[in-house]
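Working notes, beginning with the structure itself.
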Protein chains: 2
Amino acid sequence: MNLKELAHHLGLSQSTVSRALNGYQDVSPDTRERVLAAARRFDYSPNASAHRLATGQSGAIGIVFPSGNDPLLDPLFTDFLSGLTNAAARHQMDILVSASLDTAEASYRRLAQRGSVDAIVLSSPLAEDPRVPLLDGLGIPCVVHGRTRSPHPHAFLDIDNEGAFRQATELLVGLGHRRVGLVNGDARQAFAVDREAGWRSALQQAGLTAPDTLNGSDIMTDEAGYRLTAGMLAGATPPTAIICSSIFSAVGACRAIRDRGLAIGSDISVIAHDDGITSIRPEAHHPPLTTTFSSIHRAGERIAEIAADLIGGKSPADCQEVWPVDLIFRDSTRPPVGA
Amino acid sequence: MNLKELAHHLGLSQSTVSRALNGYQDVSPDTRERVLAAARRFDYSPNASAHRLATGQSGAIGIVFPSGNDPLLDPLFTDFLSGLTNAAARHQMDILVSASLDTAEASYRRLAQRGSVDAIVLSSPLAEDPRVPLLDGLGIPCVVHGRTRSPHPHAFLDIDNEGAFRQATELLVGLGHRRVGLVNGDARQAFAVDREAGWRSALQQAGLTAPDTLNGSDIMTDEAGYRLTAGMLAGATPPTAIICSSIFSAVGACRAIRDRGLAIGSDISVIAHDDGITSIRPEAHHPPLTTTFSSIHRAGERIAEIAADLIGGKSPADCQEVWPVDLIFRDSTRPPVGA
DNA sequence: TTATTGAATAAAAGCGCTTTTGGTGTGGTT
DNA sequence: AACCACACCAAAAGCGCTTTTATTCAATAA
């Protein structure tokens, strides 16, 4: 059932039916009611492709999957995407996930030029990310989950990574720790840069050093978390506390600590950043992990809204948000041994 | 830059340019070369909406996100989606992720009627899943990741869940275990039903019982894995081995075992099903976990191909695959204490 | 009365592509 | 010379909608 048939069935013109369905004013209440009733009865819904061609809008927000070769498949992505999709649906939009077969640049270019999407979401930005100027050049609205150092004014939603890790480090220092290890994500990622800065600043503020031996950086898997932590614990000046950039790293870190015959909390304190993903919960650990918390699901929701604003014409400069991060104190952080 | 402009620029008609770009035969090699060169030079790519309207195909495969209220956000989804997206891109298709705001049924209905997608992927099917007949009624091709008990002949890709868990149980029984606990997923899910059947059949084959107290079923998070395992270990006849339906449950199960002062492998054997997700690797555990393994990423890839076949007109009955599952022996499975 | 508005609807144009149909000029066949 | 393929290309229709422009008819104003 399409517009034409529906109109013919009602003895009305296509335009009248279209206007009635789309809530325009110049249709009598009477006809409108008839049209709506018929649409319901025939279970009519307008064809997506035709609608898009006519309006020039695709009704979709695009997101490009980190390339197939990259082993760093973000497990947080599911929760993020779930939020994104939910909020997008509320704005009558869909999420288009695209893979980068060749280069990431080519994917973005294709997406933009073909008009497959009205806006693009950038995830896991690097500190200096070439994608932002690229998309700007292509003239397609884009909102970054995170932040780049780009002087380019771009729409973004980020969490206060620096503040979160400064607070976490301050907490540990306040408990008496003097050697705090950092198990961070990939050093090129913007969030990792910020977190390191927070860690460093808190230590310096307290008159402590931030030695390279306690500054670990790698992908955020349990394996890498284990390796980095085990390395630090085996070093000449092992840490008495560890801060992990993800709950996955923390799982590995905890195993490294236990494997060394040490207890989490009493021997080595642990703080992890928790994005609130459902499959691994820090409060279910033994002992429950102290965390810096910010829901990546809610971030996804908000980003879809920002994208909708952008499509509606809002200026990117007016679409910049930094969310505070909660520090949730649990049992994995205690004063160091002998304090 | 659109077709019209490009054609005008070349002094050719739109149809000729279109045919040249789409590889039809009745265009001289000469003109084709000219057209392609111009397209490259002006960085032309055809408008997606127009293409879709003209061909009647959306060029997208749809997948509906498990509803927003459902806490069971599948963390495996990322890896699956990644495979799906990659393979889809190879077939020039995109993946459209849609949320179910109201009911799941309404979402599918909308997707199908609006022609937003050419095929739909169904994830996490229940043993009896109403979505299969629904989509069939809507006349939109659908491929199920997993299998339903539906008499409806539907396209699917499943792994041999029953065989995998039978083999795993047989391995444990062969080592001398007589009480094997099952930490399964949600009992309504098709895969959980099959895995339980495999476990049960292996035990019965060996003349052993499959008591309800050792048959745990819940969502596949570390927390639930911990709870189920702790419960079994605290019971009157605790298991000497545990089989987990996911690596996340296994993380929880391992913690429960350790918390009870027992060692994994020597005291309690553990086998986990591993979907090959990148963030948590069983071989990185201590001890490395024995697993039943099947890559969910590759399943995603294959499913996109099946969807493409279906769109191409292949019959659903000819699109049914069951993949064998590897049993990978590592150090978490040993003979029981005293054997 | 006659022009003037305004409401309600119809008609038609257009979005950018694909595809069908039609037309031209070449060369080979009878 | 007439015919027919054949290769190549142009013109035009059509996909299903939205939106602009026209039209009708009744009610009001001059």
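The sequence lines fix the lettering, A, B, ..., with proteins before strands; numbering per chain opens at 1.
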If you check every side-chain atom of [X], which of [options] has the closest atom?
X	options	result
B/Ala54	D/dC17, D/dC15, C/dA10	D/dC15
A/Ser13	C/dA10, D/dT20, D/dA10	C/dA10
B/Thr55	D/dC9, C/dT18, C/dT9	C/dT18

Looking at [X], does any N or O in its side chain come under 4.0 Å of the phosphate oxygens OP1/OP2 on [N]?
X	N	answer
B/Ser28	D/dC9	yes
B/Tyr24	C/dT20	no
A/Ser15	C/dT9	no
B/Asn47	C/dC15	no
A/Tyr44	D/dC17	yes
B/Thr16	D/dC9	no
B/Ser18	C/dT18	yes

**Request:** Would you kindly give the CG-to-P distance between A/Leu53 and D/dT19, to the nearest whole Å?
**Result:**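 The answer, rounded to whole Å, is 12 Å.
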**Prompt:** Counting N and O atoms only, with roles assigned by atom type, does the side chain of B/Arg19 sit under 3.5 Å from a partner on the main chain of B/Val27, one being a donor and the other an acceptor?
**Reply:** no
**Asked** Any salt bridge between B/Arg298 and B/Glu301, counting N to O under 4.0 Å?
**Response** no
**Prompt:** Should A/Ile303 and A/Phe80 count as side-chain neighbours, where that means a heavy-atom distance under 4.5 Å?
**Reply:** yes
**Request:** Between A/Thr31 and A/Gln14, just flag the one whose closest nucleotide in DNA chain C comes earlier from the 5' side.
**Result:**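 Nearer the 5' end of the strand: A/Thr31.
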**Item:** Over 12 foreign heavy atoms within 6.0 Å of NE2, B/His152
**Value:** yes
